[in-house]
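Just below is one structure, and these are the notes that go with it.
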Number of protein chains: 2
Amino acid sequence: MQTPQEMAQALSRAGLRMTGPRRAVAEMLLERDGQFTAEELLAESRSRGLGIGRATIFRSLELLGRLNLVERIDLPSGEHAYLLCEPEHHHHVICSRCGRADAFAMEDRALPERLEQIARATGYRIDAHRLEVYGVCPDCQANAHPMGSDA
Amino acid sequence: MQTPQEMAQALSRAGLRMTGPRRAVAEMLLERDGQFTAEELLAESRSRGLGIGRATIFRSLELLGRLNLVERIDLPSGEHAYLLCEPEHHHHVICSRCGRADAFAMEDRALPERLEQIARATGYRIDAHRLEVYGVCPDCQANAHPMGSDA
DNA sequence: GTTTTTGCAAACCATTTGCAGGGTC
DNA sequence: GACCCTGCAAATGGTTTGCAAAAAC
């Protein structure tokens, strides 16, 4: 998703309505383009005086998830976060320091092949998969404590 | 993990103690070898009259996670489940019908390569990744409603 | 004997829900 | 004008925590 309009279109395609609160949520998301939690959005909504309730934040995120405009991911810590995405590619590298997330689509031939191998090896019929990659983004590497002090 | 002894060893290596409740948890896990939730273990502990408390179940699972003997996964639904694993290979196919999980180690050359590609393409330093594959296991395929009725 | 672990119950936290009022198509 | 959506606050459900008693080393 790049603009609130995209959300509006997706909503109307689904017979749903574009509303003030939903647009506000979309705008908050678009300003971030990294990962974010429901809590953060709620805080921002409050500090900006947008007057959007907790429930609406969660409901909007869930809706956006169903529309494939955001993806909900589970951090290794067990926390939930959401990130913007385009309906097509569905893998992300997530920075463990700052939370920035980048999608990678690349020539995604290897993974499907691998999944087929897995299917053959295990006998499962494969329906879905999730690949999440964690690391440190270029900016955080540059700003890292320079002496290798990892603490 | 194949036996409670493995847990005992890992514990003592870490300067921790093998106790009755921990052994009992280990035994419950070993009897399942698919995926399970903390809640299920608690229920089993109760129905067997083992007298192991909620807190101990959670604490043991967390501990086993740190020892790399179980892995905590997040189902697409957002629920948490745990599954036994060996410290080496860390990918699983999970059956969405019965919850069985199987590990696949196979010639795992493709994924590391791919991660390097991702690192190059995105500039991230990659530290960790999670790949979870969901599908229907052989048994459930065999026992599926035979007429293709997916309901 | 010292230190870790346990069980209980209460605390916690993120997320969900019921419902009456307000907004959208 | 009918139906969808929102906000609030209370309910929920899974997970964590404080503490005194019990177990392991």
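Heavy-atom basis, side chains included; hydrogens, waters and symmetry copies ignored. Reminder, nothing fancy here: chain letters follow the sequence lines and each chain counts from 1.
- Residues forming a side-chain hydrogen bond (donor to acceptor under 3.5 Å, both in side chains) with B/H80 (at least two apart in sequence, or on another chain): B/R72, B/D74.
- Under the 3.5 Å distance criterion, the side-chain polar atoms of A/S60 are left unmatched by any main-chain donor or acceptor of A/V25.
- In this structure, B/L64 places its CG atom 17 Å from C1' of D/dT15, rounding to the nearest Å.
- Residue pairs that meet the side chain to side chain donor-acceptor pair (under 3.5 Å) test with at least one member in residues 8-17 of chain B, sequence neighbours left out, do not exist here.
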Could you go over nucleotides 11-16 of chain C and give all protein N or O partners under 3.5 Å, atom names and distances?
unit_1: C/dT15; atom_1: OP1; unit_2: A/H80; atom_2: ND1; d: 3.1

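- Annotation: side chain to side chain contact (heavy atoms under 4.5 Å, CB included) contacts of B/E27 (sequence neighbours excluded): B/P4, B/R23.
- Atom CG in A/L11 sits about 8 Å away from atom P in D/dC5, given to the nearest Å.
- Counting heavy atoms from C-beta outward, B/L61 and B/L41 have side chains that approach closer than 4.5 Å.
- Residues passing the side-chain hydrogen bond (donor to acceptor under 3.5 Å, both in side chains) test with B/E40 are B/R32, sequence neighbours excluded.
- For the pair A/I57 CD1 and D/dC5 P, the computed distance is 16 Å after rounding to whole Å.
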Nucleotides 23-25 of chain D: which of its N/O atoms have a protein N/O under 3.5 Å away?
unit_1: D/dA24; atom_1: N3; unit_2: B/R17; atom_2: NH1; d: 3.0

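- Counting to the nearest Å, the C1' atom of C/dG7 and the CZ atom of B/R22 are 14 Å from each other.
- For the helix from C/dG1-D/dC25 to C/dC25-D/dG1, the rotation axes defined at the first and last 5 base pairs enclose an angle of 50°, given to the nearest 10°.
- We find that CG of A/L41 is positioned 13 Å from P of D/dG7, with the value rounded to whole Å.
- Shown here are the side-chain hydrogen bond (donor to acceptor under 3.5 Å, both in side chains) partners of B/R48, two or more places apart in sequence or in another chain: B/E31, B/E44.
- A/A14 pairs by the side chain to side chain contact (heavy atoms under 4.5 Å, CB included) definition with A/L16, A/L67, not counting sequence neighbours.
- Between the CZ atom of B/F36 and the C1' atom of D/dG14 there is a distance of 17 Å, rounded to whole Å.
- With sequence neighbours left out, B/E39 forms a salt bridge (charged side-chain N to carboxylate O under 4.0 Å, His left out) with no residue at all.
- Residue pairs satisfying the salt bridge (charged side-chain N to carboxylate O under 4.0 Å, His left out) criterion with at least one member in residues 51-62 of chain B, sequence neighbours excluded, are listed as follows: B/E62-B/R66.
- Computed from coordinates, the B/L42 CG to D/dT16 C1' distance equals 14 Å when rounded to whole Å.
- Between B/G15 and B/G51, the residue whose closest nucleotide on DNA chain C is further toward the 5' end is B/G15.
- Considering every non-hydrogen atom in both A/A8 and A/M18, the closest pair reads N-CE, 3.8 Å.
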